[in-house]
There are 2 protein chains.
Amino acid sequence: MQLDDRKVKILQAIIDDFIFSAEPVGSRTLAKKYNLGISSATIRNEMADLEEMGYLDQPHTSAGRVPSDKAYRLYVDKLMKVRNAQNLDAEYFKKFFKTRLSQVEQVIYHTAKILSEITKYTSMVVAPQLKSTVIKHIQLVHVDRQLALLVIATSSGILKDTLIAIPEDIDSDSLHKISIILNDLYAGKTFDDIDLEDLKEFQKTIFRSGALFDSLMDALAQSLKQKEEKEIYLEGATNILHLPEYQDLVKAKTFLNLLEEKDLLYTMLTSTEVDGVSVSIGRENPFAELRDYSIVSATYRIGDKVLGSIGIIGPTRMEYSKTVSTMDFMAKALSQYLTSLYGK
Amino acid sequence: MQLDDRKVKILQAIIDDFIFSAEPVGSRTLAKKYNLGISSATIRNEMADLEEMGYLDQPHTSAGRVPSDKAYRLYVDKLMKVRNAQNLDAEYFKKFFKTRLSQVEQVIYHTAKILSEITKYTSMVVAPQLKSTVIKHIQLVHVDRQLALLVIATSSGILKDTLIAIPEDIDSDSLHKISIILNDLYAGKTFDDIDLEDLKEFQKTIFRSGALFDSLMDALAQSLKQKEEKEIYLEGATNILHLPEYQDLVKAKTFLNLLEEKDLLYTMLTSTEVDGVSVSIGRENPFAELRDYSIVSATYRIGDKVLGSIGIIGPTRMEYSKTVSTMDFMAKALSQYLTSLYGK
DNA sequence: GTTAGCACTCACCGGCATAGAGTGCTAACA
DNA sequence: TGTTAGCACTCTATGCCGGTGAGTGCTAAC
């Protein structure tokens with residue numbers, strides 16, 4: 001069977017209507033509401049065809065039709081007009097740029113917040129990954145008698161700092177010396193490349209003082225090799241409770257439980273490193289748990305380097321047009337902002 | 001009317017049963033389940049008395065009785081036996097102390113997490129407030145050609161660091177000099193005491209270079225005077241969805257919406273600076289929005305200085321005994337831990 | 001003072017009929 | 001040959017009804 005013009009028009013109308021109303025769409029409603037120039041009976045015939053072709057589902061015999069994942073895919077790829085996000089929700093973006101945030105984590109967090117507020121879905125943001133970034137500079141700063149701050153600057157501009165305990169009898173000069181050594185050893189390497197054996201070797205041959213430096217080295221080692229958790233921020237988790245499909249408590253709970261599976265979401269979000277916005281609809285998702293949801297995601301960068309991803313998750317009945325354009329804009333805005341702060 | 005021994009015993013049984021089952025308790029059930037040595041008819045008479053005295057409510061005529069806020073208050077003050085938290089959930093605490101967390105924020109966050117996991121309610125943690133802490137030490141650290149890290153150590157041991165943009169032609173020595181000046185100006189003062197005019201004055205008289213330092217000073221001023229948000233962490237927001245009273249979607253939503261009111265919760269949590277654990281039940285709460293919930297809270301400290309508060313929020317039908325003892329233990333453990341890290 | 005007994009109340013549940021939205025099919029029409 | 005009006009049919013949602021059971025208050029006897 002052919003997906004001719006008229007079928008597409010009808011399908012589009014059904015999708016539009018369903019995205020708006022969340023109610024199965026009937027032929028009569030369609031004929032009345034949209035000026036298609038054909039009767040409900042004709043629409044019925046076409047709808048039967050569309051169902052046969054896999055674009056529509058029927059919850060039960062005497063209900064209207066509902067778009068399938070395949071229909072949404074067609075919609076996202078061909079039918080929808082991506083709006084210009086800059087004009088929409090301008091106030092949010094203004095707010096975003098007004099607040100001057102210097103720490104990368106804050107910017108990321110802020111982005112997640114705004115994304116969830118604009119889209120009304122749940123936003124997910126993967127924080128910058130350090131393991132493959134190059135260390136540019138390491139410095140130990142004396143903070144207190146027993147505390148020092150280990151500051152590691154990376155080539156992507158991200159700063160990682162950790163407070164570490166130090167023996168009381170180390171002075172600033174010693175810390176400075178150690179900083180130089182650390183730089184010699186690790187500057188230019190990635191976090192993954194760090195070999196702590198180097199450090200131990202070094203400690204043995206150079207610092208005769210032995211036990212004195214032990215605790216310091218331990219702390220350093222721990223900080224440098226600290227297992228990086230799969231960090232993912234979620235915002236607006238309860239947004240979906242306002243959507244009609246989650247008025248069913250069981251469905252709402254299922255969704256909220258899904259959000260606890262940070263690992264899954266993390267994997268999902270980091271597995272697509274496509275350029276631009278990527279949309280994964282229902283059963284297209286690689287994970288069974290996600291088959292009732294759609295995920296819209298994009299990567300953000302500093303310069304050319306991909307740092308992490310942002311995304312939103314919601315029902316397959318999603319406002320794709322608005323969501324995709326928002327995502328597109330936010331990813332670009334975020335990249336631009338981070339690049340202006342830390343790039344080069 | 002007198003609240004004699006038998007009435008108390010019956011009340012206790014009702015509260016225990018209701019906390020466990022969430023179902024209104026009837027006289028027959030009570031007589032059967034608890035060995036009170038009296039018949040259901042007698043219990044009925046006593047229950048009528050207890051209702052008259054304000055300790056019991058009746059959802060409708062043909063239902064059992066439910067404890068009132070007044071009953072819970074009596075229960076918390078007199079009846080319940082506070083269990084020893086150390087024995088309960090020992091594995092959590094072990095986990096808590098095993099993970100070595102050096103940043104205060106991390107410790108706080110971790111505490112919230114664990115609290116919500118143990119109590120199965122929603123935990124709230126107010127992060128340490130800086131405004132009234134004394135600045136011990138300020139330091140500017142050169143990180144990059146255009147970036148420096150402003151590190152401020154406070155007397156409570158909390159470290160605040162902010163990345164700031166600096167003109168390219170400032171070298172480490174200059175930063176060091178400025179650090180000394182900053183220390184002279186602000187060490188020993190609280191964040192509230194900071195007067196930026198001092199800094200501007202200083203800049204005019206000492207640094208003739210003018211425009212060169214402008215951006216630096218601006219950044220500094222901004223960092224130092226940065227509006228401190230009312231930071232409150234929430235964890236386990238969706239825990240309550242497992243409780244029978246929130247199977248009603250409207251109630252669940254009301255609760256989740258309440259959690260969005262961070263300001264309210266913040267005020268609630270910071271207003272009680274009592275020593276030890278404080279319990280606020282239903283209508284005792286100063287805010288109307290909270291009249292259906294109970295809040296158990298405590299403060300945490302470094303040494304003698306109160307830093308912030310931790311608390312949990314849940315239905316008035318709460319496992320007070322477990323919750324109070326957990327809270328007591330956590331507050332003490334947290335204080336002890338922070339003091340050992342940063343105290344003195 | 002305690003308790004057995006009883007009439008009464010009220011939420012809850014399953015069954016049933018009805019309304020309404022929507023469908024597929026047929027036959028007539030342009 | 002495609003389109004449409006009409007109609008019988010399907011299925012869900014809603015509301016009504018009566019029975020059931022848990023629980024109560026009251027009374028009278030112990």
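Values reported hereafter were calculated over all heavy atoms of this structure, with side chains retained and with hydrogens, waters and symmetry mates removed.
Considering only side-chain N and O atoms, A:Arg65 lies under 4.0 angstrom from the phosphate OP1 or OP2 of C:dG24.
Below 30°, between 30° and 60°, or above 60°: for A:Tyr293 and A:Tyr246 the angle between ring planes is below 30°, a parallel geometry.
The B:Thr61 side chain lies nearest to C:dC10 when the options are C:dT23, D:dA5, C:dC10. For B:Ser27, counting side-chain heavy atoms from C-beta on, the closest listed nucleotide (D:dT24, D:dT10, C:dT23) is D:dT24. The nucleotide whose nearest atom lies closest to any side-chain atom of B:Thr29 is, among D:dG23, D:dT3, D:dG25, D:dG23. In this structure, of C:dA21, C:dT23, D:dT4, it is C:dA21 that holds the atom nearest to the side chain of A:Ser62. Among the nucleotides D:dG25, D:dT4, D:dT3, the one closest to the side chain of A:Arg6 is D:dT3. Residue B:Thr42 has its side chain nearest to C:dT2 when only C:dT23, C:dT2, D:dT3 are considered. Counting only heavy atoms from C-beta on, B:His60 has its side chain closest to C:dC10 among D:dT10, C:dC10, C:dC6.
Between A:Asn45 atom CG and C:dG24 atom C1' the separation is 9 Å, expressed in whole Å. At whole-Å resolution of the value, CD in B:Gln58 and P in C:dC10 are 11 Å apart. In this entry the distance linking CG of B:Asp17 with P of D:dA22 reads 15 Å, nearest Å. The distance from atom CZ of A:Arg44 to atom C1' of D:dT4 is 9 Å, rounded to the nearest whole Å. In this structure, the CG atom of A:Asp49 is 13 Å from the C1' atom of D:dG2, given to the nearest Å. The CD atom of A:Glu51 sits 15 Å away from the P atom of C:dG22 (whole-angstrom rounding). At whole-Å resolution of the value, CD in A:Glu46 and P in D:dT3 are 7 Å apart. Here D:dG23 presents its C1' atom at 13 Å from CD1 of B:Ile14, a figure rounded to the nearest Å.
Searching all strands for a Watson-Crick or G-U wobble partner of D:dT14 with both distances below 3.5 Å returns C:dA17. Taking a pair to require two hydrogen-bonding distances under 3.5 Å in either a Watson-Crick or a G-U wobble arrangement, D:dT27 pairs with C:dA4.
If you check the side chains of B:Asp16 and B:Tyr34, you find no donor sitting under 3.5 Å from an acceptor.
Residue A:Ala41 is in base contact, counting any heavy-atom pair closer than 4.0 Å across all strands shown.
The distance from atom CD of B:Glu284 to atom CG of B:Asp69, rounded to the nearest 0.5 Å, is 6.5 Å.
Heavy-atom nearest nucleotides on DNA chain C were determined for A:Val25 and for B:Ile38, and the one closer to the 5' end corresponds to B:Ile38.
Considering only heavy atoms from C-beta on, B:Arg65 stays 4.5 Å or farther from B:Leu50 through its side chain. Taking the side chain as every heavy atom from C-beta outward, B:Leu3 and B:Tyr55 approach each other to under 4.5 Å. Considering only heavy atoms from C-beta on, B:Phe20 stays 4.5 Å or farther from B:Glu319 through its side chain.
One cannot find a donor-acceptor pair under 3.5 Å joining the base of C:dG22 and the side-chain atoms of A:Arg28.
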